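Notes for the one structure printed next.
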Amino acid sequence: MATILGCIADDFTGATDLAGLLARSGVRVSLRIDVPSEPPSDTAAFEIIALKSRTAPVSKAVAKTRAALKWLRAAGAQRFFWKYCSTFDSTSEGNIGPVAEALMADLGTDQTIYCPAFPENGRAVFMGNLFVGRQPLAESPMKDHPLTPMRDSNLARLLQPQVTRPVGLVDRLAVARGVKSLRSALAELKAQGVAHVVVDAIANADLNVIAEACRDMPLMTGGSAVAMPLPSLYLADGILSRDASQAAVPRIGEGIVVLSGSCSAMTNKQVADYTARGAPAFRLDPLDLAENGPQSALEWLAGQDLSRAPILYATDEPSGVKAAQEKLGAAQAGETVEQALAVCAVAARDAGARRFVVAGGETSGSVAKALGVSRLDIGVEIAPGVPWTFCRSGGHRIALTLKSGNFGAETFFTDARAKLKSA
Ligand code: ADP
């Protein structure tokens with residue numbers, strides 16, 4: 001089937017987040033990890049290419065994204081979506097702006113929108129300012145992010161140094177007046193030469209208006225949520241046929257393992273909740289791993305009953321993470337843990353695990369890479385932005401869910417098990 005919407009995401013869990021929201025509509029969504037080396041075949045109506053370009057050097061991020069665009073065009077897509085984080089993770093160099101400008105140039109379009117709002121996860125844009133829950137972005141924990149510290153909450157001010165052409169705003173008052181009002185505000189800005197338009201949204205109703213007004217733009221950009229209404233709009237427009245529905249859930253073996261390398265506040269709560277319920281648990285200590293390797297984790301795993309969904313976790317409170325980082329350096333501590341969890345994932349698969357619950361963005365990248373996963377079909381959503389996915393690893397059908405740090409409820413690991421059972 002020809003692809004209707006071609007999407008490019010700047011990280012891995014961001015791509016599954018977008019995939020989950022698009023799949024809510026019941027259409028088939030396919031996710032590729034990195035730009036496929038083969039030309040498009042067996043394409044879905046919604047194709048997403050997951051890159052790891054959020055913090056890559058600008059020229060590399062631009063080149064990768066343009067290659068992804070080329071592949072998606074070959075798949076038949078004529079509309080495109082550039083997906084970045086709902087906290088607008090970027091620096092004054094990029095990569096959100098430079099990538100958007102490169103995509104606009106390749107597509108020959110002179111205006112796009114920016115809408116990172118994701119109301120279900122507490123991200124709202126009002127008068128051009130991004131809020132995380134009740135806090136302005138620059139007062140949220142994102143102000144201390146190790147790679148992309150967000151020290152301003154105003155999206156136009158964040159974006160302007162990243163782009164060469166003017167940035168403007170369509171505020172909530174114009175969005176609340178509806179599709180016509182938004183369209184005419186965009187047209188007015190276009191006449192003034194404004195190429196990059198931040199659009200306010202505080203609730204899903206705003207996102208519906210924005211998606212409806214912008215659905216035929218060659219390029220839209222945003223968090224995942226503004227793309228969510230697109231499948232039903234395309235169905236109503238007759239561009240998308242009803243037979244583009246999801247494939248049936250494949251038969252997947254029962255063995256299941258949970259791997260958590262995220263140290264985000266919510267993941268700490270999730271691990272505490274899961275272990276308090278009596279799940280078999282093994283804590284990975286970065287210092288021990290650096291000295292002795294993952295042997296003891298592998299031995300523990302080998303003795304587990306995989307029908308009981310054992311968890312291996314390095315998840316720790318900030319003080320523990322700091323202590324490990326002081327001894328090993330932040331990069332090596334992270335790398336050591338990621339490698340150990342990746343090795344455990346492969347060992348679990350070889351021991352019969354067919355369902356993998358992974359917590360952490362970087363961790364997910366390492367685990368998926370180790371499992372040799374290149375294409376994922378999107379299934380049922382466990383929490384907003386966190387779907388189960390189906391793919392192949394080592395000749396087996398497996399189910400994989402990749403959860404970014406702060407997503408999911410406290411009961412996420414239990415929820416994940418239950419959702420696949422009832423799917
Ligand atoms: P999140 O989505 O919550 O940001 P990530 O997996 O992207 O999670 O990032 C967490 C990083 O922290 C990973 O590189 C992981 O290996 C590392 N890490 C996990 N546990 C520890 C720990 N106890 N000490 C130091 N670093 C850790």
Side-chain angles (χ1 to χ4, degrees), residues 10 54 81-101 103-104 109-143 145 148-214 217 219-229:
D10 69 351
R54 184 169 296 169
F81 189 80
W82 163 228
K83 189 309 180 174
Y84 39 79
C85 190
S86 61
T87 44
F88 213 69
D89 300 17
S90 55
T91 67
S92 55
E93 281 82 51
N95 288 336
I96 294 175
V99 164
E101 280 198 331
L103 292 172
M104 288 168 80
T109 181
D110 47 16
Q111 191 179 62
T112 190
I113 61 151
Y114 295 79
C115 185
F118 192 165
E120 285 175 68
N121 279 334
R123 315 288 197 261
V125 184
F126 185 65
M127 297 298 157
N129 292 282
L130 180 55
F131 290 83
V132 176
R134 293 180 173 187
Q135 291 175 310
L137 175 66
E139 291 171 34
S140 79
M142 282 305 294
K143 70 183 187 304
H145 192 280
T148 50
M150 302 307 288
R151 300 275 163 82
D152 195 341
S153 307
N154 184 283
L155 292 172
R157 276 200 305 259
L158 288 166
L159 188 58
Q160 190 66 73
Q162 301 183 29
V163 292
T164 59
R165 296 172 67 195
V167 178
L169 168 71
V170 176
D171 71 27
R172 172 87 205 308
L173 302 176
V175 174
R177 281 193 291 269
V179 174
K180 262 197 180 153
S181 145
L182 172 53
R183 279 202 181 129
S184 64
L186 287 168
E188 210 170 291
L189 288 169
K190 198 183 221 178
Q192 296 163 17
V194 175
H196 306 283
V197 186
V198 172
V199 184
D200 276 358
I202 60 172
N204 279 353
D206 299 327
L207 297 176
N208 291 338
V209 170
I210 297 167
E212 189 173 345
C214 301
M217 274 185 160
L219 178 69
M220 289 172 67
T221 89
S224 52
V226 72
M228 187 166 52

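All figures in this text were calculated on a predicted structure; none of them were measured in a lab.
No side-chain heavy atom of Met127 sits under 4.5 Å from any side-chain heavy atom of Val198.
Nearest heavy atoms, Tyr114 versus Ile96: CE2-CG2, 4.0 Å. Listed here is the closest heavy atom pair of Gln135 and Glu139: NE2-O, 3.4 Å. Here the closest heavy-atom approach between residue His196 and residue Arg165 is recorded as CD2-O, 3.4 Å. Across Val125 and Leu155, no two heavy atoms sit closer than the pair CG1-CD1, 3.7 Å.
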(request) Apply side chain to side chain contact (heavy atoms under 4.5 Å, CB included) to the pair His145 and Thr87, showing each step before the final yes or no. (result) CA-CA 11 Å; His145 192 280; Thr87 44; over 6 Å; no
(request) Apply side chain to side chain contact (heavy atoms under 4.5 Å, CB included) to Leu182 and Val209, showing your working. (result) CA-CA 8 Å; Leu182 172 53; Val209 170; 4.2 Å; yes
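Arg54 pairs in a side-chain hydrogen bond (donor to acceptor under 3.5 Å, both in side chains) with only one of the listed residues (Asp10, Asn95, Thr148), which is Asp10.
Within the 3.5 Å criterion, the main-chain N or O of Ala138 finds no donor-acceptor partner in the side chain of Arg151. A donor-acceptor contact shorter than 3.5 Å is absent between the side chain of Ser86 and the backbone of Gly223. Remark: side-chain polar atoms of Asp200 are paired, donor with acceptor, to backbone N or O of Gly128 under 3.5 angstrom. Within the 3.5 Å criterion, the main-chain N or O of Ala174 finds a donor-acceptor partner in the side chain of Ser181.
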